[in-house]
Amino acid sequence: MDEWLNSLTDAMGYVPLRTSGAWSQDWISLHVTSDLLLWLAFIALPIVLIAGGLHPFVRPYRRYLLLFGSLLLACGFTHLVESLLFESPVYRMLGVLKAATAVLAWLTVFALIPVVPRILSDLPRKPGSETIEVRESRQDRILIHMLAVLVALLAIVIRVALDPIFDNVHSYSLCLLGVTLVSWYGGFRPGIVCTLISGLLATYLFVEPRYTFALKDTNQVLGFGLFLVCSVGVAVLGEAQRTTRNRLNQKIVELIAATDTIGSEARKSDEVLSILDAFVRNAPYGIAYFDSELRYIRVNETFAKVNGKPVEDHIGRPLPEVLAEFPEALLADYRRVLVTGETLTNKVVFGRGLIWEVTAFAVPMGHGQRGLGVIGIDVTERHQSQEQLRESETRFRQLADVMPQIVFAAQPDGTVDYFNSRWYEYTGFPDDAPITEAMWRTAFDPESYPVTMEHWRRALQTGEAYETQYPLRRSDGVWRWHLGRALPVRDAAGIIVRWFGTNTDIDDAIRTAEALRVAASQQLQLTEGMPMLMWACEPNGACSYLSRQWIDFTGVPLEVQLGDGWLAVLHPQDHAAMAAAWRDAVAEVYGYDVEYRIRRHDGAYRWFAVRGIALRDEAGRITRWYGSCTDIDDRMRQSETLEQLVEERTAELNRRNDELQQQKIFLDAILNNVAEGIVACDEAGTLKLFNKATRRMHGLPVEQLPADRWPEFYRLFESDGSHMPVEHIPLLRALKGEAVSDAELVIRGEGIKDRYVLCSGQRLQTEDGRHFGAVVSMRDMTERREYEQQLLLTTAALKVSNEELEKFAYIASHDLQEPLRKIQAFGTRLADKSRDQLGDQGKDYLDRMLDSAGRMRKLIEDLLSFSRVSTKTIPFASVDLNAVVRDVLSDLEVRIQSTGGTVEVHELPSVPGDAGQQRQVFQNLIGNALKFTKVGVKPLVIVSATRFETLGLDIDPPLPEGKSGWRITVADNGIGFEKDYEEQIFELFQRLHSRSEYEGTGLGLAIVRKIVVRHAATITARSQKGGGAVFVIDWPIKTV
Amino acid sequence: MPHTPKPITILMADDDADDRQLAREAFDEAKLSNDLRFVEDGAELLEYLQRRGKYSDPASSPRPGIILLDLNMPKVDGREALTRIKLDPNLKCLPVVVLTTSKAEIDIIRSYNLSAASYIAKPITFEGLVEVVRTLGRYWLEIVELPDHDYVPNA
């Protein structure tokens, strides 16, 4: 074998093609390149074929493809080897390869022949191209024409090749052959084209003379003509053939198609039949087919099984024979169907413990015959399950009515066909109304209804449980949220047969949940909003919540601080202690109430007061820790300052205390050393304070007594000795708000004399008007009262004596004057009557007597006047001194004229006083001034008045101190008197001159002074001997 | 009845004899020619006026046209007498001139209160007295109309 193989590659004396002959490099390249390309193409093609052959449709024809592919490969390798020839003359290999290729080629030919039509027919047809068109396309026509030309050319070429053999004959033979060929396949026109081209060329090339179109002789012409005729004829024939062929092809194609169709239909009907058979055989229903005599034509296994006999036993036998116990009624029905042709449906047949639903129908069999088809379904189970379903439905409805929820049931398509009684109660719909969507829809909220229905539809479609919430309207119009749930019920086959659903009233739950949510969110807002840092921990001490304030304050993220992480933000010094405190708190050893420093985000530490509260469940176990941290940093820092302040304050307080103590001692001393008795009570009327004086007065201490017992206990009486009613007690009056002033009270003494007191007091109140009791001071007036009483007695006695005196004075003067008058009267009579008889001496004696009597009279008058000054009790009135002086002057008119004097009166004021007495004053003063005149000098008297204020401080006589008033002066230019007598002259009976010089009683100025003094004024005299006199009355007047 | 001037009796009551004497002399000096009668005290005065006792006889005791009354008298003093006189319907209309030594204001007021016609304080001097009497005469006897005691109003 090896040897043979080797011999293949043996050069065998051949030379590479390259070296032989006139092979130019170009031609060698062409050959080599083409061969190599061919080789590659012939490798590619099989690959393409195999790739396409992987298409499932082509699967049946794979072996043909493989075959063809191998052929192509072989061809390719042939070409390869041919290209190698230029280098290495391996002709033997080439030869072998070619031979192999040839074999493969013919194998392929023979294999493909039967298959190709089938392949072609199996090719998927384009849609719409049911009719097979064998119409040649335009492209084909052009191709044929080109082929015609090629064939013509080929014929010429072959003839040229065969020219040495033929020489000048048979010029057109090959052309005719070519034309025939072309006409056969292309028809008339291509034939003519070929004819023309080949004919012309042949003529040109082969007919003598060559290379011309000339036809020399008749033979040539005949030959050419014959060729032409034959060619045309052939063309025509060819055309005819082509057309026929085309039509034939068409028909064949159609026939093939039809055959195919029939074949496929036959196959299909075969298939259908087989399917039908399979169907009938395997159907879970019983199918039987009877002829008009009720003989089994066909029966499937189901029926056969039920009947208990094999299928073959049925065929051809009448039904009653096969099934002896077949119900007569049903047989009758069957026969009726056969006769009438009607269809009997859903007939329920009971037999052998099974329930069958039977449908019988007539089957026209042609020739007016009818067969009977029967389909029977074993509905035993279905029946049973339906029974069960009904039963369960009933049970369900019973249950449903008991349930507090609304229960509904719906068909698999979603149609609700049942509501429990609760529904009707809730919605108020009448429970006998048919259930329609329109009806129960009204209980739904129109806004949410579409969404709800969408959920429902989806649930129906997917068969998944349905759960959604929606509001339902109650019979009174109130909307309440309900949770609608529905679950499907499937039968044994898994098909949904029923939907059961509930509507649970979750309104309260929802509202509660809402409220809880709101509350929770509010609570969260609260905790988040509080300025304190809030935290919550689990029972084990791990921190589970920190408020936003905490996070913001520390600047550390929440995640880091959860659990134990929060300890890290504490001050290192506080760390250990606080961790321990927290542990203790968690272990329920102590509560959690601590202070520690927390680091702020900027690194500063601030003190916080932390409080934790444990939330416990019913069993008392801690479920959660809640706490808050309040910033007390300022407070802490302030505490030191505060302590300092406290110390200072304490010291100050102590100091104040001491001061107050001192004050108290001082006040106590005051209280106890005043002469007045001080009594105080509080707002309730309880005696609070007796000072020492009070105790002395009463002889009793402070007692807690009700007020109505005070008169009795403290022996209080009215000033006249009568019993003192409680309301009169000055302290109580003061307590009621009365401002008591000088209320008289007698404290009867036991063993000591009664004390007469004047009480003054009032309510005690603070600056802002708060009342806290009353105080009364008691002035012991006992002594003074005694004095007063004494005084009264004295005054009374005085008064009496005064009156007696006045009376005495009056009577005395009156009675004294009586005899004087007589003396004067009779003396005068005597002087008149017996003047002549008396003689001079007698008359002289008589005159002296009368004169004395007159003097005595005057004296008595003056005395009377003097005594009357103080006893007159006319009240003071405002007296105009000008008027008084005018009166006086008119009285003294005579004296003024007789002395030739002048009295100058300046503006005088009005002063309070007794007019009559003032007249006396001025009468005396002016009278004196007119009396004590210088001899030979006309008397001048000046009466004037000046106010104290206008006089200087150094005036003489000096002004009375501290008073305001008038200084009235009576000045004269008379004889005056010695300075020594300035005081004396006002004494009683004082005279500075003898009676013979100036008359007068010596009482005048005494009377004047008495009157002036009575008027609370003063009188002074200033004079010099021989230099006139000034009498100054200083009249103080109370400033208004 | 036509008024016929009759000499009017002047009755003076004064307990002091000297004063009575002086009075008579003053009347003489004053040249009053009226019938001047004297009683010594209030009781007598009333007796006289009421025509009792020794004064029962109207001829010897003519009804006075004017009374000069001293206040200070024993038994019944002038004030009492004045009161009684003014209480007596018969005597009420008699003008009474108080002539007394007292200058006391109270006496003056009381006298006027008791319906005395005038009050004169006895002058000190005799001449004074004479002047007073003269003036009295002129006033009471010439100027003034005295009531007619005999006049009886038509009932």
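Chain naming here is simple, since letters A, B, ... match the order of the sequence lines and numbering starts at 1 in each. Computed from a prediction, not measured in an experiment: that's the story for all the values here.
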task: Check the pair A:Arg821, B:Asp18 against side chain to side chain contact (heavy atoms under 4.5 Å, CB included), reporting the backbone distance first and the verdict last.
output: CA-CA 10 Å; A:Arg821 193 165 46 77; B:Asp18 296 327; over 6 Å; no

task: Write out, in numerical order, the residues from residues 824-833 of chain A with a heavy atom short of 4.5 Å from a heavy atom in chain B.
output: A:Gln824, A:Ala825, A:Phe826, A:Thr828, A:Arg829, A:Asp832, A:Lys833

- prompt: Considering residues, nucleotides and ligands other than B:Asn113, do more than 12 of their heavy atoms fall under 6.0 Å from its CG?
  reply: yes

Contacts of residues 74-102 of chain B with chain A (heavy atom under 4.5 Å): B:Thr101, B:Ser102

task: Please indicate whether A:Lys843 has more than 12 foreign heavy atoms, meaning atoms of other residues, nucleotides or ligands, lying under 6.0 Å from its NZ.
output: yes

List the atom pairs, donor and acceptor, that lie under 3.5 Å between side-chain atoms in residues 122-129 of chain B and the rest of the protein, sequence neighbours left out.
unit_1, atom_1, unit_2, atom_2, d
B:Lys122, NZ, B:Asp14, OD2, 2.5
B:Lys122, NZ, B:Asp19, OD2, 3.0
B:Thr125, OG1, B:Gly128, N, 3.2

- prompt: Would you say B:Ile106 has more than 12 foreign heavy atoms packed within less than 6.0 Å of its CD1?
  reply: no

query: Does OH belonging to B:Tyr139 count more than 12 external heavy atoms closer than 6.0 Å?
result: no

field: Qualifying residues under side-chain contact (heavy atoms from CB on, under 4.5 Å), relative to A:Ile896, sequence neighbours excluded
entry: A:Leu889, A:Leu892, A:Val903, A:Leu930

